[in-house]
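Some notes on the structure that comes next.
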Amino acid sequence: MNRNIIILLSVLAICTVAAELVFRSRAAADRERIRSRMGERGLCTQPAADSRLLYTYTPGQCGANSLGFRDTEHSLEKPEGVFRIVLIGDSVAEGRDVEADSAFGCVLERQLNARGDGRRYEVILLAHIGYSTSQEIVLLETQAFRYDPDLILWSYCLNDPAHPVYHNANGDLGRYYCRPRSYLVARVQAFAFRVKQKYRGLECPEEFHAFVHCAFWPEVEANLKRIGEVTLRHHVPVVFIIHPIFEKAPTDAVE
């Protein structure tokens with residue numbers, strides 16, 4: 001092999017290794033800053049066994065059940081006479097800012113059972129704060145049908161098309177638990193993502209929720225199609241609850 005080519009390849013290899021080490025060091029420093037900000041909240045989460053999910057709640061901690069969901073325990077076998085609803089979503093579905101028994105899944109279960117129609121209803125929560133549609137589909141495919149549900153109830157928020165890491169949809173948690181095999185490759189992928197986003201979003205609204213639905217509509221369609229295919233294969237209907245965005249009134253507004 002030509003000596004100049006050998007030198008060039010050696011230099012490229014050294015630069016590649018150096019760049020990888022630099023990016024790994026920066027990522028470690030970023031994670032340390034995030035960890036210090038999380039405080040006790042860090043005890044509530046842990047790396048997910050399925051890398052596509054990034055993180056899950058620590059079982060038995062911070063109100064999570066043995067499977068890492070903010071819910072009571074549920075048997076996999078459906079009791080006779082029970083109509084089971086599996087609720088999939090993010091922090092809105094899990095009721096992050098309210099007491100667990102005031103989350104809308106619990107409220108729905110109580111209201112359905114109060115109807116007195118001779119049937120008992122059970123709502124099973126599969127939701128995590130910050131999850132995007134891409135992560136929620138993993139819960140649908142790997143968890144939901146273990147409970148033999150009669151209905152899938154999908155809690156859809158207008159930021160759900162956001163990328164779990166690049167859009168920071170998971171907040172600090174997404175970046176903290178992201179562990180790529182190569183941080184150099186991850187940087188290249190992030191750059192390519194931003195270029196694609198900029199190109200697609202040239203004529204999209206600036207408001208974030210409208211922007212992600214405009215710029216990433218092909219992904220939205222693909223995700224909805226996937227949800228339909230999975231639920232159809234299991235012969236279980238799915239109902240979407242789309243949560244609107246309410247703007248806060250200005251502080252100087254006159255009542």
Side-chain angles (χ1 to χ4, degrees), residues 48-57 65 67-71 74 76 78 82-96 103-109 112 121-171 173-174 177-178 193 196-197 200 204 208-245:
D50 190 319
S51 61
R52 294 172 296 174
L53 296 176
L54 296 177
Y55 61 88
T56 185
Y57 289 131
N65 62 18
L67 295 179
F69 294 99
R70 192 176 184 234
D71 196 7
H74 298 276
L76 293 180
K78 181 170 61 178
V82 169
F83 186 92
R84 268 189 170 173
I85 301 171
V86 167
L87 172 60
I88 296 178
D90 58 9
S91 58
V92 175
E94 73 168 29
R96 175 47 45 186
F104 82 78
C106 291
V107 174
L108 174 63
E109 182 178 277
L112 288 173
Y121 295 87
E122 184 180 14
V123 177
I124 298 174
L125 179 66
L126 300 180
H128 284 308
I129 185 172
Y131 270 21
S132 297
T133 305
S134 59
Q135 295 165 296
E136 293 164 356
I137 289 176
V138 177
L139 296 179
L140 173 70
E141 295 177 332
T142 63
Q143 297 290 332
F145 300 104
R146 300 172 64 209
Y147 294 98
D148 189 19
D150 299 287
L151 176 70
I152 301 293
L153 189 60
W154 203 282
S155 173
Y156 188 85
C157 296
L158 297 183
N159 65 341
D160 281 359
H163 190 280
V165 177
Y166 300 149
H167 284 140
N168 202 23
N170 301 126
L173 291 172
Y177 285 108
C178 182
F193 180 87
K196 179 179 71 172
Q197 174 177 269
R200 285 188 179 184
C204 291
F208 178 73
H209 303 90
F211 177 83
V212 291
H213 279 86
C214 172
F216 295 93
W217 185 248
E219 286 79 5
V220 173
E221 285 189 312
N223 284 333
L224 293 177
K225 181 179 179 181
R226 180 62 182 164
I227 293 168
E229 290 172 346
V230 173
T231 53
L232 183 62
R233 186 169 66 246
H234 288 271
H235 306 289
V236 177
V238 57
V239 173
F240 273 75
I241 300 176
I242 301 177
H243 302 283
I245 300 297

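Heavy atoms only: backbone and side chains are in, while hydrogens, waters and symmetry mates are out.
- Looking at heavy atoms from C-beta onward, D71 lies out of side-chain contact with L87 at the 4.5 angstrom threshold.
- Within the 6.0 Å centre-distance limit, the rings of F208 and H167 are counted as a close aromatic pair.
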Original post:
Passes side chain to side chain contact (heavy atoms under 4.5 Å, CB included), V212 versus N159? Steps please.
Top reply: CA-CA 7 Å; V212 291; N159 65 341; 5.7 Å; no

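- Heavy-atom minimum distance, S134 versus P164: OG-CG, 3.5 Å.
- Among residues two or more places apart in sequence or in another chain, the ring pair (Phe, Tyr, Trp, His ring centres under 6.0 Å) test is passed with Y57 by H128.
- Considering only residues two or more places apart in sequence or on other chains, E94 meets the salt bridge (Lys or Arg N to Asp or Glu O under 4.0 Å) condition with R96.
- For the pair F211 and Q197, the minimum side-chain heavy-atom distance is below 4.5 Å.
- The backbone N or O of R84 sits nowhere less than 3.5 Å from a side-chain atom of E122 that would complete a donor-acceptor pair.
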**OP:** Take L173 and L54 through the test side chain to side chain contact (heavy atoms under 4.5 Å, CB included) and record every step on the way to the result.
**Re:** CA-CA 8 Å; L173 291 172; L54 296 177; over 6 Å; no

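- Aromatic ring pairs are classed by plane angle as parallel below 30°, tilted from 30° to 60° and perpendicular above 60°; the pair F193 and Y166 is tilted.
- Closest approach of A93 and L125 over heavy atoms only: O-CD1, 3.7 Å.
- Contact annotation: the side chain of E136 approaches that of W154 to within less than 4.5 Å [non-hydrogen atoms, C-beta and beyond].
- For the pair C157 and V92, the tightest heavy-atom approach, listed with the atom from each and the gap, is SG-CG2, 3.4 Å.
- Counting only N and O atoms by type, the side chains of H243 and S155 include a donor and acceptor under 3.5 Å apart.
- Without hydrogens or angle criteria, Q135 side chain to S132 main chain gives a donor-acceptor distance under 3.5 Å.
- Of the possible donor and acceptor atoms, none in the side chain of D148 sits under 3.5 Å from a partner among the backbone N and O of K78.
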Please tabulate, for the side chains in residues 223-231, all donor-acceptor contacts under 3.5 angstrom to protein atoms that are two or more places apart in sequence or on a different chain.
residue, atom, partner, partner atom, Å
N223, ND2, E219, O, 3.3
R226, NE, E141, OE2, 2.6
R226, NH2, E141, OE2, 2.7
T231, OG1, I227, O, 2.8
T231, OG1, G228, O, 3.2

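- Here the shortest heavy-atom pairing between V236 and P149 reads CG2-O, 3.6 Å.
- Here the two rings, on F69 and H74, have centers that are 6.0 Å apart or farther.
- Partners of H213 by ring pair (Phe, Tyr, Trp, His ring centres under 6.0 Å), not counting sequence neighbours, listed by chain and number: Y156.
- Nearest heavy atoms, G68 versus T56: O-OG1, 3.8 Å.
- Annotation: salt bridge (Lys or Arg N to Asp or Glu O under 4.0 Å) contacts involving residues 153-162, sequence neighbours excluded, are absent.
- H209 meets the ring pair (Phe, Tyr, Trp, His ring centres under 6.0 Å) test with no other residue; sequence neighbours excluded.
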Original post:
Given V238 and I88, is the side chain to side chain contact (heavy atoms under 4.5 Å, CB included) satisfied, shown in steps?
Top reply: CA-CA 10 Å; V238 57; I88 296 178; over 6 Å; no

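- Separating the CZ atom in F216 from the SG atom in C204 is a distance of 9.0 Å, to the nearest 0.5 Å.
- At a threshold of 4.5 Å between non-hydrogen side-chain atoms, the residues L76 and Y147 count as touching.
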**OP:** Carefully, step by step, assess L108 and Y121 under the rule side chain to side chain contact (heavy atoms under 4.5 Å, CB included).
**Re:** CA-CA 9 Å; L108 174 63; Y121 295 87; over 6 Å; no

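- Here the side chains of L139 and Y131 are in contact, with some heavy-atom distance below 4.5 Å.
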